[in-house]
Every structure is written in structure tokens, then in C-alpha cells.
Protein chains: 2
Amino acid sequence: MNLAVKTYTTGEIAKICGVNFRTVIRWIEKGYIEAYKLPGRGDNRVTEDSLVKFLKNNNMPIPSEIETVNKRVLVVDDDEKMARAISRTLKKAGFDTDIAHNGFIAGSKLEVFKPAVMTLDLKMPGISGLEVIHYVQNSEQLVNLKILVVSAQDQKELDEAVQKGASDALSKPFKNSELVARVSQLIGVN
Amino acid sequence: MNLAVKTYTTGEIAKICGVNFRTVIRWIEKGYIEAYKLPGRGDNRVTEDSLVKFLKNNNMPIPSEIETVNKRVLVVDDDEKMARAISRTLKKAGFDTDIAHNGFIAGSKLEVFKPAVMTLDLKMPGISGLEVIHYVQNSEQLVNLKILVVSAQDQKELDEAVQKGASDALSKPFKNSELVARVSQLIGVN
DNA sequence: GCTCAACCTGTCTAACCTGTCAAATGTAAT
DNA sequence: ATTACATTTGACAGGTTAGACAGGTTGAGC
């Protein structure tokens, strides 16, 4: 259990943003940066999430120390062999992977594992790939998640998936190098 | 019956609040945080209630792990009518509900909505209720989640679900009062 | 190109809160 | 007993706040 949350003071943020800490306080007062106050004198504290959100909103450079490059990929496929094959290939390429064999586990792990990319088999029993895409599209938590459809279905279905919101599609069978290339591109763009 | 009351030391609170433990001690001295002292050296202990009260008073982020009264129920059923009926009944009884029509959404909402109880239809297309129970049992994030199986299957199946880890089981059709009673009991015990 | 107002930012101050350090002491595990 | 670790306390250095004021930037109007 990790309860600790990294927080930043106005002084630290001032250095990160290259401005005076007085200015940071004003940004907080105006609501540009989300912060909470300590009981004593009312010192401001900003969580890492809030800071990153602020920096992104304003296209400000994010220091590498606090930018957690997310190289996690969740492999969703009910075919265990296929899932392991994909996972192995991606692991070799330096990605951090996890596997979900059904929709329930996929949904759960999306929130816990927090992958940057999900490879999705369109045709899984009891669950429609398009439904999953639609759900992700409309979920606030998952706006940054990229979906790479991996399916044996014909090109028309793949195109539809991309049109409905998947980031990319790959038809089975595929070359491992092609898989790695697609995932790399999706994560690189991020 | 659970007699133990979770308490926090100054060091733990310091991590949660992102400050030095010396500061936490000063907050206690000034009465910002309600605490009691151990007989030996006078170590401070803060109950979970006191800590949450303090965090709320100061608009500080509350770690989800220590969230207190949780009256949220996630209704998992692919039959939309049935799901809405269950949800409506529980809402009337004062619970906070959300609905998931398939396994994927269920898994996802479990992590976001963080319910205390999940009502689970055993027989959903493409996903085995027992599989879900097994997954929840082995998930660190979901140890406190209670599962109330709601199903039209025969008693043998219900018994098996309970034996495999469900907290309780209710056979369809059921009386609304019975549903509320079961959920209330599961949440009350918590 | 110029002026002006509006606004944001940097600097300074006093007050005081917070972090750090060290030594002492209690607690838990071996 | 002995060890390792967490907590307390005091003292001190350093950081943070709010207000006031000066300097700099921006954009509109001429």
C-alpha cells in the first residue's frame, strides 16, 4: 500500500516553470493550478498529477524527472496462445506488458495497470470490440489510451474500427516487426 | 465483528499529506488534528475518522484506500431491464448505484466507481461469473469488494458461487426487500 | 511607429510556518 | 539482552505567505 503522494511547493514549481514563486502563488489563486492548502499558514501543495496537467494545458516543457514515460501495453485476446505471443514480442522490444483474456479482466486492468496502449482482438466472446472502443472514447479516465486493433477479420471491419475510434489496426497474421512498429508509433506519438 | 480501529502514526500521516512528520506533530499540538497519546513516551495516534475529518476540513486529497463510508453498489447484468430494476430498488434504499452491461465495463467501473458491493449475474454472455469471482478474490485492489450473486440458476450453482468466494447469493426472482436486506447486510458488516 | 491602459511579473519586507538535524527514548523483532 | 527502527523534542536554518510597489509585456487605437 503506497499512500505517499509526491507533492510540490510553490518554490519547486517556480524553478520548474522558470518563474518567480510569487507568480506561482498567483497562478494558484487564479485557479490555473489546482492546489490545496496546509492548515498552518496556508502553504500551497500541488500534487504531481495536477502539476503535469497544468504543464500540459499550457504546452510547457515537462521535466524528465516527473514525466513517467509510459511503455505499458495491455494485450487483450481470449486466445491464450496469441496473447502470449503478442506479449512476448512486445516485451522483447522493451515494452511492459500484461494480458487480459476476457472483457472483465481487460476493463479492470485498464484502470490498475494504466497502459499507454491496448491491443484489442475485435472478436471476443460476449463482448464487441466496437463497444469497447466506444466506451474508451467516452471515458474521461482513458482519453489518452491508444487502441491497436489486432484481428483476423477482413479489412472492412478493421477500417470500421479505426473509423469508430481505434488508433490503428493490424490484421492477423502479422509480422512481429510490424506489431512492434505500430505500438512504438502509438507510444511515441502519445 | 471487527473490533480493530485503524489508526495512523505521525509518520504515516506525514506521507499522506506530503509534509514532514515534525509538521504533523505541530498540527496535532495546535489541535488541527484530533489525536490521543500512548502511555509510554506519548506517541500520537490518530483514528481514521479523525484523519479523514482533518483532510476534508482542509480540502486535502484523500487516498482512496482510506475512504470511509462507501454505499456504492455496482449492478452487473447484461439484461438491461433487470439491471435498471435492481439499480432503482437500491437507489430508493439510499445506495449509490451504477450499472455495467458487460464484463468489460464491469471491470473498468469496479476500479473507477470503487463500489463496496457488486451484484453479479452469473450467466452473462462470454464471461463466467465464477471467473469474475476468482479474479476479484485474487486482486489486491478488490479485497474489500463484496459480491452478491443474483441469478436465475438453480440453487446448486448459487451455492457453488458462494463456496468459491461470493459473499452471498440471491436467486431470481426475488423480493425487492430481500435484495435491499442482503446488500445492507454486506455493506454494514464491511 | 507611437502612446496608452491594462495586466502580468519580479522584488522587497515582516511574520511565521516548515524542514532538517541530533540526541533521547519507546517499541518490536531477533 | 541486543538490535533495528520509529517517534518525540528542542533548536536552528530555510522556505512560504501576503501586501505593496516598480518594471516589463501585450494589444488596441491613432
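- Of the N and O atoms on the side chains of D159(B) and Q163(B), not one donor lies less than 3.5 Å from an acceptor on the other residue.
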For nucleotides 1-8 of chain D, list the nitrogen or oxygen atoms of the protein found under 3.5 Å from its nitrogen or oxygen atoms, one pair per line.
residue : atom : partner : partner atom : Å
dT7(D)  : OP1  : T9(B)   : OG1          : 2.5
dT7(D)  : O4'  : R41(B)  : NH2          : 3.4
dT7(D)  : O2   : R41(B)  : NH1          : 2.5
dT8(D)  : OP1  : N44(B)  : N            : 2.5
dT8(D)  : OP1  : N44(B)  : ND2          : 2.7
dT8(D)  : OP2  : T10(B)  : OG1          : 2.6

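- To the nearest angstrom, C1' of dT13(C) lies 14 Å from CG of N20(A).
- Separating the CD atom of E29(A) from the P atom of dC7(C) is a distance of 16 Å, rounded to the nearest angstrom.
- Between the CG atom of N58(A) and the C1' atom of dT9(C) there is a distance of 16 Å, given to the nearest Å.
- Ring pair F104(B)/Y135(A) is perpendicular by interplanar angle, where above 60° counts as perpendicular and below 30° as parallel.
- The residue from K172(A), R84(A), K123(A) that alone fulfils the salt bridge (Lys or Arg N to Asp or Glu O under 4.0 Å) condition with D77(A) is K172(A).
- In this structure, CG of L38(B) is placed 12 Å from P of dT9(D), rounded to the nearest angstrom.
- F95(B) places a side-chain heavy atom less than 4.5 Å from the side chain of S184(B).
- Taking atom CD1 of residue I33(B) and atom C1' of nucleotide dT18(C), one finds them 14 Å apart after rounding to whole Å.
- Atom CD in Q185(A) sits 9.5 Å away from atom NZ in K146(A) (nearest 0.5 Å).
- Computed from coordinates, the R26(B) CZ to dG15(D) P distance equals 15 Å when rounded to whole Å.
- OP1 and OP2 of dC17(C) both lie 4.0 Å or more from every side-chain N or O belonging to W27(B).
- With sequence neighbours left out, the salt bridge (charged side-chain N to carboxylate O under 4.0 Å, His left out) criterion links R41(A) to D43(A).
- Spacing between atom CZ of R22(B) and atom C1' of dA13(D) amounts to 14 Å, rounded to whole angstrom units.
- Rounded to an integer number of Å, the gap from I28(A) CD1 to dT17(D) P is 7 Å.
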